[in-house]
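Notes for the one structure printed next.
Read the numbers this way: they start at 1 and go in the same order the structure lists the ligands and their atoms.
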Amino acid sequence: MRCHLRLLATSDVHGAILPYDYASGRDGTAYGLARTASLISRARREAPGGCLLVDNGDFLQGTPLSDLHDIAGESGRHPVIAAMNRLGYDAATLGNHEFNFGLPALRAALDQATFPVICSNALARRGAQVADDVTLLPPSVMVERELHDRTGARHRLRVGLLGLLPPQIMAWDRFHLARDVCARDIIETAAARVPMLRAEGADLVVLLAHTGLEHGDAGIEAENAALSLARLPGVDAIIAGHSHEVFPDPAAASRADGPDHRAGTFFGVPAVMAGFRGSHLGVIDLDLIPGPRGWRVAGHRVEARAVAPGGARPPAPPDPAIIAAVRRSHAATLAYMRAPLGRTSRPIHSYLSRYRCDLPVLLVAEAQRAAVARALTGGPLDGVPLLSATAPFQTGGRAGPDAFTDIPAGPLSLGNAADLQPFPNTLCALLLSGAELRDWLERSVSCFRTLVPGLPDQPLWDARFPGNVADTVLGVRYEIDLARPPLYDARGVALAGEGVRGRIRSLSHRGVPVRAGDRFVMAVNSYRAFGGGPYPALPEDRLVHASRAMVRDAVAGFLGAGGLDRLDPVPVWTFAPIPGASALIETGPGLRRHPGDIAAMGLTDLGLSEAGFLRLRLPLDGTACETGG
Ligand code: MN
Ligand code: MG
């Protein structure tokens, strides 16, 4: 009477269908859903009849193929959905990035899906309790499977799938969602909906949870809640993600507080996290036996199968059927991206963008400023000093040592603008006081660790911060004093006690020190305009400009008009010298192709880390204070 069910899961595919890197034009990358498809075929062959294939969200955004499909691709046809239809998913849940293009675009994409897409905590209307919520999409789906036991007898199994995502969508995509959507806490929603699925006759309940592992106390409205979900009664398996982690990882140590890499469980519940960009296929095998009230899980095996297993073994080959499903969209994307767009007389790379005032950041900031200046001309804010803030986007991190912008000197193309501005952000502007500007800058430099005078080789970047939080604010000048402690943590919680001075020194506008009562307009992208990470969500009346114009288009316009030649060469910010101190930094090994930058900053090459990042020593005692730009 024993039966077997296999769950197959992808997560955070982020538009990566082909093994192709659109920024570098490099073919044969070791990721992409076309490669995962080969693993899916094999896993299905191993478990005939008893497989469920699900996706865990963040599938529609992330590459030019997905992000530009409406302007560049085949009209109306979403390449990611086309590939997913071909793979025959049983269900998918929404991730936070599904909202990046707004609701009409999301609906247009989902209309093409031949599989159900669920989500229980993105709401059209919030009820007094979960049962009264009006969800944006079906909250769950019941998938039926006919399973065979060893005697050949058939058994019907009903699997209830429940979709969940971080309620932070309301901050991250507030511009798109504020009027039409609200969100409810992940745990509160699941705690109410799991028993509802049981009552509807689910033999098993599987959570498609676009959420990662908690680190420390999660609390209400937690972004990462996968471990807490495992503690809810009635959950048989969890597909988690969002953080782009891989679970289980046989090489990783298990944590006493939940994730057991050897058993593949969170608090005893089978669970998997399938990396990102199709890097892994999550496989959960469940042994089922009939109990007094339906089926019961009697055993499990969990694996995250890598598309690129490493060592001498080659990556899984791409599935020709998936390549064919996106061939025309891919060709149209390339044709669009190759449209010429002016020239650059020097390389534009982001290898050092975390560590100096850098060209790829400055040019985006200047493009934003020029576009907002045009929009505000003749209005009530015309004449208020106009600043512009942005952070670098491609600086390795979780995306790996190849994830950097690296554009050689020579002709530029539209694809370069998409590389410099990979997210579908729109142009916004905030009204700030001088005091708020200073506070903004303190938040932007909290990503650096505190350095001690006289000590060599001190790690510079606090790994709890992603690269895309470190704003440079164009239009003012300032120094960053890393001998002083940061004022904020990565979530924007104030750290310092009373009387602690910040790191921002000599903050001036046009040579005049900035005073607390000064007024500024600051161009930002829509993602930043609504807070998140270390940044505050400002009162709504501070958002003095919000347009549907894409920052990427502003960047393209700027490059096309020769804006690079007019950039101010004086750096916006520098690190204040710290006597006798040097820092350790990590970046992509591609920096070695730019020896002039290594020399200008006085960097010492210390070789590659285990993860393949280039480690360098950065002097901070003022002996080499060239900063790019
Ligand atoms: Mn993601
Ligand atoms: Mg996500």
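The aromatic rings of His97 and Phe423 sit parallel, their planes meeting at an angle under 30°, below the 60° perpendicular limit.
Only protein atoms were considered; those of element N, O or S under 2.8 Å from the Mg ion (ligand 2) number 4. Note on the Mn ion (ligand 1): protein N, O or S atoms under 2.8 Å away count 4, no waters included.
Residues forming a salt bridge (Lys or Arg N to Asp or Glu O under 4.0 Å) with Asp249 (at least two apart in sequence, or on another chain): none.
The existence of a salt bridge linking Arg464 and Asp462 is confirmed by a sub-4.0 Å separation between a basic side-chain nitrogen and an acidic carboxylate oxygen.
With hydrogens and angles disregarded, a donor-acceptor distance shorter than 3.5 Å links the side chain of Ser120 to the backbone of Gly163. Side-chain N or O atoms of His78 include none that pairs as donor or acceptor with a backbone N or O of Ala113 at under 3.5 Å.
In this structure, the side chains of Cys119 and Thr135 stay at 4.5 Å or more apart for every pair of heavy atoms.
Sequence neighbours left out, the pairs with a member in residues 84-105 that pass salt bridge (Lys or Arg N to Asp or Glu O under 4.0 Å) are Asp90-Arg145.
No cation-pi contact links Arg443 to Tyr535, judged by a cut-off of 6.0 Å to the six-membered ring centre and 45° from its axis.
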**Request:** Could you walk me through whether Asn96 and His210 pass the side-chain hydrogen bond (donor to acceptor under 3.5 Å, both in side chains) test, one step at a time?
**Result:** CA-CA 8 Å; Asn96 49 298; His210 188 83; 2.9 Å; yes

